[in-house]
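We count residues from 1, following the sequence as given.
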Amino acid sequence: MAAASAASRPLVTVQSLEGDMATDATPTVQLPDVMKASIRPDIVSFVHSYISKNSRQPYAVSKRAGDQTSAESCGTGRAVSRIPCVPGGGTHRAGQGAFGNMCRGGRMFAPTKFWRRWHRKINVTMKRYAVVSAIAASAIPSLVTARGHRIESVSEMPLVVSDSVESVEKTSAAMNRRS
């Protein structure tokens, strides 16, 4: 897959709040280079899947599960399966197959072990590349919309706001004051 380059504008308008003491001219800032980086969704998904594996807890079945019976095979020549059968009588369990993974109450095929390799190491350079690629993708409106975000009312992407936004304490006030 070829690396897609972000088609971004070199300048971005700084959005100010209504009633802000800003000048009449709308200020613009230069778009940082991280927003112009190439977009690699394959690396982003790879790094995400590997990092998500690092929060798993080991699990396994008991070592003795399915092997705690004194069943023995009857051997060949009796026109029955060679799977071991539980000995005895007087109970439904007597005569039933045991041990095999196809038997009720038997052990599973390839029992899970707790020493499986649960965690994954990821190259630091690859992690950094994935972060840069994800940030660059957030500057493209079509990709943001494809993720399900509703950005119809946003004037341009990426949205840059002035420092006066930090003084707003309530979301309702921010929604009322936006220009």
Minimum heavy-atom distance Asp67-Lys63, with the two atoms named:
OD2-O, 4.5 Å
Main-chain N/O of Trp118 paired with Arg56 side-chain donor or acceptor, under 3.5 Å
yes
Nearest-0.5 Å distance, OG of residue Ser138 to CG of residue Leu159:
11.0 Å
dist Cys103:SG -> Phe99:CZ (nearest 0.5 Å) comes out at 10.0 Å
So how far is it from Asn101 CG to Ile83 CD1, rounded to the nearest 0.5 Å?
8.0 Å
Quick one: NE2 on His149 to CG on Leu143, what's the gap to the nearest 0.5 Å?
11.0 Å
Could you pull out all donor-acceptor pairs under 3.5 Å where a side-chain atom in residues 46-53 meets a protein atom, sequence neighbours excluded?
unit_1 : atom_1 : unit_2 : atom_2 : d
Ser49  : OG     : Ser45  : O      : 3.3
Ser49  : OG     : Phe46  : O      : 2.8
Ser52  : OG     : His48  : O      : 3.2
Ser52  : OG     : Ser49  : O      : 2.8

Please list, chain by chain and in numerical order, all residues satisfying side-chain hydrogen bond (donor to acceptor under 3.5 Å, both in side chains) with Arg93, sequence neighbours excluded.
Gln96
Ile43 CD1 to Asn123 CG distance, which is reported to the nearest 0.5 Å
10.5 Å
Hydrophobic cluster identity match, Ile135 and Val44, side-chain contacts under 4.5 Å
no
Could you check whether atom CD of Glu72 has more than 12 heavy atoms from other residues, nucleotides or ligands sitting under 6.0 Å from it?
no
Ser38 versus Ser133, closest heavy-atom pair with distance:
O-OG, 3.6 Å
Does any donor atom in the side chain of Ser155 or Gln15 lie under 3.5 Å from an acceptor atom in the other side chain?
yes
Count the heavy atoms of every other residue, nucleotide or ligand shown that sit under 6.0 Å from CZ of Arg120, and state whether that count exceeds 12.
yes
Heavy atoms of other groups near Asp33 CG, more than 12 under 6.0 Å
no
If you count the non-hydrogen atoms of other residues, nucleotides and ligands that lie under 6.0 Å from CZ in Arg150, is the total more than 12?
no
Starting at CZ of Arg78, measure out to OG of Ser73 and round the result to the nearest 0.5 Å.
9.5 Å
